[in-house]
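Presented below is the structure to which this report refers.
Just so we're clear, the structure is a prediction, and the values are computed from it rather than from any experiment.
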Amino acid sequence: MNTTIKEIAEKARVSIATVSRALNGNPKVKPDTKELIIALANQLDYKPNIMARNLVKKRANTIGIILPEAVDDFFTEIIKGIDEIAYAGNYITMVAGTHSERSMAESVINFMGRGVVEGIIVMSPSMNEPLKEILKKSDTPIVLISSKNELDKYDSVGIDNFQGAYSMVEYLIKAMGYKKIAHISGPILNNDAIERQIGYTQALRNNGIEVREDWIISGDFSIKNGEYACRRLLSLLEKPDIIFAGNDMMALGCYKAIESFGLKIPDDIGIVGYDDIFISQFLTPRLTTVHVPIVELGRTAASLLMHRIANGSSKEAKHIKISTGIVVGNSCRPVN
């Protein structure tokens, strides 16, 4: 059980009010008394009840995080990065996972309407008009993750998805010698997926390779969909030599499909992914993938929000792109 202010007051033989004032830096508390109280608080591992303190101060000291349905390591790492910065600034976080654009809009309204948060971080790679209108009318500090810069009013941070995909495909062409490269993309309205597909097609064109529509399969970033898309590619009369999956979860599905066809990676077909989620390092063979600094993405979003809460909306919004790198595994090999 957590130590309370009452227990510290009893040990220090002072009032609860004196303990509260000392812990909040009130100069009216005698230095020796303050020193004793702080020492006891440290000794007893006292952790302040931030929510109760906020009610007294009439401040939320809470930030809301609204994410698409959180089902994999990517979202866990984003939350970790946000929480690190929030905790350092004495803020707590509230997470809402959404299942649709409608529920995302409802989450934004609930956070703002109840006054329980001082700011909101919204991850919305696909943003519909109702959500845009709600955000445009809001005075609550908001930071967007992975959204198009359609709402210049708000700070935003995202991965340079075009750069990541372009670099990966060019690596496959120039370093590995691949020319028959297929792509399993993410959802058709997802901004991250769109940028990655553009990077893929542009890298092919810039290297004199035809973009084949039958080698581009639309997915939904899930393992199951990656497996089904890979099965389609493996069933074609003319098969690709390597598949660039739009994220690591779909790459995982490709591993399952390839195994079920009795084929081996990378001897029979190569696979590369995108995100470099934690589980990808345990695949056999180790997945070659685009490394996305996911925790940094969360930290940057939280830092932008903390700055906006502290300084208001007078300053021009910042739009930050975070670069990626390539993690070289054994899921592809040089070809002649």
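- Atom CD1 of I242 and atom CD1 of I173 lie 10.5 Å apart (nearest 0.5 Å).
- Scanning both residues, M306 and Y91, for their nearest heavy atoms gives SD-CD1, 3.7 Å.
- Between the CD1 atom in I92 and the OH atom in Y87 there is a gap of 12.0 Å [rounded to 0.5 Å].
- I269 is not connected to Y228 by any chain of hydrophobic side-chain contacts under 4.5 Å among Ile, Leu, Val, Met, Phe, Trp and Tyr, and they are in different clusters.
- Here the side chain of D155 pairs no donor or acceptor atom with the backbone of V143 at under 3.5 angstrom.
- Side-chain contact between I223 and M250: absent, with no pair of heavy atoms (C-beta onward) separated by less than 4.5 Å.
- Residues L304 and S156 approach most closely at CD1-O, 4.0 Å, considering heavy atoms.
- At least one donor-acceptor pair under 3.5 Å links the side chain of Y178 to the backbone N or O of R333.
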Run the numbers on L233 and I184 for side-chain contact (heavy atoms from CB on, under 4.5 Å), then give the verdict. CA-CA 9 Å; L233 290 168; I184 302 175; 4.0 Å; yes
Would you please test C230 and I243 for side-chain contact (heavy atoms from CB on, under 4.5 Å) and show each step? CA-CA 8 Å; C230 185; I243 299 171; 3.7 Å; yes
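- Tracing side-chain contacts under 4.5 Å through hydrophobic residues (I, L, V, M, F, W, Y), one never reaches I63 starting from V295; they form parts of separate clusters.
- With N247 contributing its side chain and Y274 its backbone, the two residues share no donor-acceptor pair below 3.5 Å.
- At a threshold of 4.5 Å between non-hydrogen side-chain atoms, the residues M249 and S222 do not count as touching.
- Residues Y255 and S331 come closest through the heavy atom pair OH-CB, 3.5 Å.
- In this structure, the ring pair (Phe, Tyr, Trp, His ring centres under 6.0 Å) partners of Y166, at least two apart in sequence or on a different chain, are F162.
- Crowding of K239 atom NZ: a count of heavy atoms from other residues, nucleotides or ligands under 6.0 Å exceeding 12.
- Distance check, rounded to the nearest 0.5 Å: CD1 of I85 to CG of L305 gives 11.5 Å.
- One N or O on the side chain of D268 and one on the backbone of K264 form a donor-acceptor pair closer than 3.5 Å.
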For the pair E227 and L252, evaluate side-chain contact (heavy atoms from CB on, under 4.5 Å) and give the outcome as yes or no after the intermediate values. CA-CA 8 Å; E227 181 180 357; L252 277 165; over 6 Å; no
Before you tell me yes or no, could you show the steps for T93 and D83 under side chain to side chain donor-acceptor pair (under 3.5 Å), namely the whole-Å CA-CA distance, both residues' side-chain angles and the distance that decides it to 0.1 Å? CA-CA 7 Å; T93 56; D83 199 53; 3.1 Å; yes
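- A donor and an acceptor atom, one from each side chain of T289 and D276, are nowhere located under 3.5 Å apart.
- Note on F278 and I79: separate hydrophobic clusters, where clusters join Ile, Leu, Val, Met, Phe, Trp and Tyr whose side-chain heavy atoms are under 4.5 Å apart, directly or indirectly.
- Through ILVMFWY side-chain contacts below 4.5 Å, V327 is grouped with nothing and stands alone.
- Inter-residue side-chain proximity for F244 and V169 is flagged as met; some heavy-atom pair is nearer than 4.5 Å.
- Looking at T288 and M168, their side chains come closer than 4.5 Å, going by heavy atoms from C-beta outward.
- In terms of modelled atom types and a separation under 3.5 Å, the side chain of N225 and the main chain of F221 share no donor-acceptor contact.
- Using a 4.5 Å heavy-atom threshold, the side chains of L204 and E210 count as separate.
- Crowding of L263 atom CG: a count of heavy atoms from other residues, nucleotides or ligands under 6.0 Å exceeding 12.
- Considering only heavy atoms from C-beta on, I258 comes within 4.5 Å of I271 through its side chain.
- Residue E10 qualifies as enclosed at atom CD: its count of foreign heavy atoms under 6.0 Å is above 12.
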Given the rule in the salt bridge (charged side-chain N to carboxylate O under 4.0 Å, His left out) test, do R299 and E77 qualify, once you have shown the distances and angles that lead to the verdict? CA-CA 10 Å; R299 288 180 187 141; E77 292 293 286; over 6 Å; no
Under the side-chain contact (heavy atoms from CB on, under 4.5 Å) criterion, do I159 and L297 qualify, and how do the steps go? CA-CA 8 Å; I159 297 301; L297 184 65; 4.2 Å; yes
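- Salt bridge annotation for E118-R308: absent, with no cationic side-chain nitrogen under 4.0 angstrom from a carboxylate oxygen.
- The CG atom of D192 sits 5.0 Å away from atom CZ of R196, with the distance rounded to the nearest 0.5 Å.
- Within 6.0 Å of the CD1 atom in I188, the count of heavy atoms belonging to other residues, nucleotides or ligands does not exceed 12.
- Side-chain atoms of S303 and T300 form no donor-acceptor pair, as typed in the model, at a separation below 3.5 Å.
- Between atom OG1 of residue T324 and atom CD of residue Q163 there is a gap of 3.5 Å, rounded to the nearest 0.5 Å.
- Of all heavy-atom pairs between E238 and R212, the closest is OE1-NH1, 2.9 Å.
- The number of heavy atoms from other shown groups lying within 6.0 Å of NZ (K180) is above 12.
- The two residues I198 and T201 have their closest heavy-atom pair at O-OG1, 3.0 Å.
- A 4.5 Å side-chain heavy-atom check between Q281 and R286 finds at least one atom pair inside the cut-off.
- Considering only heavy atoms from C-beta on, K80 stays 4.5 Å or farther from T76 through its side chain.
- Nearest heavy-atom pair, S167 versus I326, reported as atom, atom and distance to 0.1 Å: O-CD1, 3.6 Å.
- How far CZ of F75 is from CD1 of I65: 12.5 Å, rounded to the nearest 0.5 Å.
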